[in-house]
*Asks:* 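Attaching a single structure in C-alpha cells format; questions to follow.
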Amino acid sequence: MAVEGGMKCVKFLLYVLLLAFCACAVGLIAVGVAAQVFLNQTISQETTPASLLPVVIIAVGAFLFLVAFVGCCGACKENSCLMITFAVFLSLIVLVEVAVAIAGYVFRDKVESEFSKNFQKQMQNYLKDNRTALVLDGWQHQFNCCGANNYTDWETVPGMDKDRVPDSCCVNVTVGCGTDFKLSTIHTQGCVQSMGAELRKNILLVAAAALGIAFVEVLGIIFSCCLVKSIRSGYEVM
C-alpha cells in the first residue's frame, strides 16, 4: 500500500510537471519564432552562429514537447523503459539549453555587429523598397532612434540630402518633419544602442525564465527516476 500510495503521489507531481513542460515548449517555440522574425528583418540571410540560435531554440521547444508526450505515456502505462527514456532525453535538453545560453553569451557582440552592419545595408534601400522603409521606420519609431549608430548614417544613403532624415526619426512625427531638421527635433541616438539598451533591461526576466525552465526540467528528471524506482519496487512486492 505504501509503495502504491507513493507511486500515485509521484505520478501526480509528474503530470503537473509535464503540463509545465508543454507550456515551456510552447514558450520556447514562440521565443524562437519571434527571434527568427526579428533576425530576418534586421540581419542578412547568411548562415552565422547568431542566425542559428533561433532555429536551435525552436528545435529544443519542439523536442521538449515530444519528450513530454513520451513522459506522459510512460507515467500512464507505468512503463519504466519509457520513463528512463524520458529522463535521458530531458537531461539532453538541459545540456542543449546550457550550450545555447553559453553560445548566446559568447556571440552577443557578434549579433550586435551583424545587426549594425545589416541595418546600414538595409538603409541603402530605404528609398527603393517600401517594405524595407516600413521595417526601418517601425524600429526607429518604436525605439526612439535614428540610423544604425546615429542620425548621420542617413547621409550615406543615396537620394537622402545631408539635411534630411526619415520622418520616423522625429521626436514628434509629422509629414516632412525630417527635412531641414534641427537636432532638437529628432532622435540622434542610433538604433543599435537603443535596442541593445532595451534588451539589457529585460535580460533579468529572460535569465529568470531560463532558470525557471531548467529548475522544472531537473525536477522532471528527479520525479521520473522516483517513478521508475516505485514501479520496480511495485513489481518486487508483487
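This is a predicted model, so every value here is computed, not measured.
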*Asks:* Apply side-chain contact (heavy atoms from CB on, under 4.5 Å) to Ala25 and list each qualifying residue two or more places apart in sequence or on a separate chain.
*Replies:* Leu64, Phe65
*Asks:* Run the side-chain contact (heavy atoms from CB on, under 4.5 Å) test against Val16 and tell me which residues pass, sequence neighbours left out.
*Replies:* Phe12
*Asks:* Using distance alone, with no hydrogens and no angle criterion, decide if Ser194 and Gln189 have a side-chain donor and acceptor under 3.5 Å apart.
*Replies:* yes
*Asks:* Considering all heavy atoms of both residues, which atom of Ile221 and which atom of Ala87 are nearest to each other, and what is their separation?
*Replies:* CG1-O, 4.2 Å
*Asks:* Going by the rule side-chain contact (heavy atoms from CB on, under 4.5 Å), which residues pair with Gln142 if we only count those two or more places apart in sequence or in a different chain?
*Replies:* Trp139
*Asks:* Got a sec: does the CD of Gln124 have more than 12 other heavy atoms crowding it under 6.0 Å?
*Replies:* yes
*Asks:* I need the minimum non-hydrogen distance between Arg164 and Gly159, along with the two atoms involved.
*Replies:* NH1-O, 3.9 Å
*Asks:* In this structure, would Leu17 and Phe63 fall into the same cluster of hydrophobic residues linked by side-chain contacts under 4.5 Å?
*Replies:* yes
*Asks:* Below 3.5 Å, can you tabulate the donor-acceptor pairs from side chains in residues 170-185 to any protein atom, sequence neighbours excluded?
*Replies:*
from   : atom 1 : to     : atom 2 : distance (Å)
Thr185 : OG1    : Lys182 : N      : 3.3
Thr185 : OG1    : Lys182 : O      : 2.6

*Asks:* Just distance, no hydrogens or angles: give the donor-acceptor pairs under 3.5 Å from side chains in residues 66-74, sequence neighbours left out.
*Replies:*
none

*Asks:* Hydrophobic clusters here meaning ILVMFWY residues chained together by side-chain heavy-atom distances under 4.5 Å, can you tell me if Ile29 and Leu19 are in one?
*Replies:* no
*Asks:* Using a side-chain heavy atom cutoff under 4.5 Å and only I, L, V, M, F, W and Y, what cluster partners does Val218 have?
*Replies:* Ile222
*Asks:* Shorter than 2.5 angstrom, is that how the SG atoms of Cys145 and Cys169 come out?
*Replies:* no
*Asks:* Ignoring hydrogens and angles, tell me if any N or O in the side chain of Gln140 forms a donor-acceptor pair with the backbone of Gly147 under 3.5 Å.
*Replies:* yes
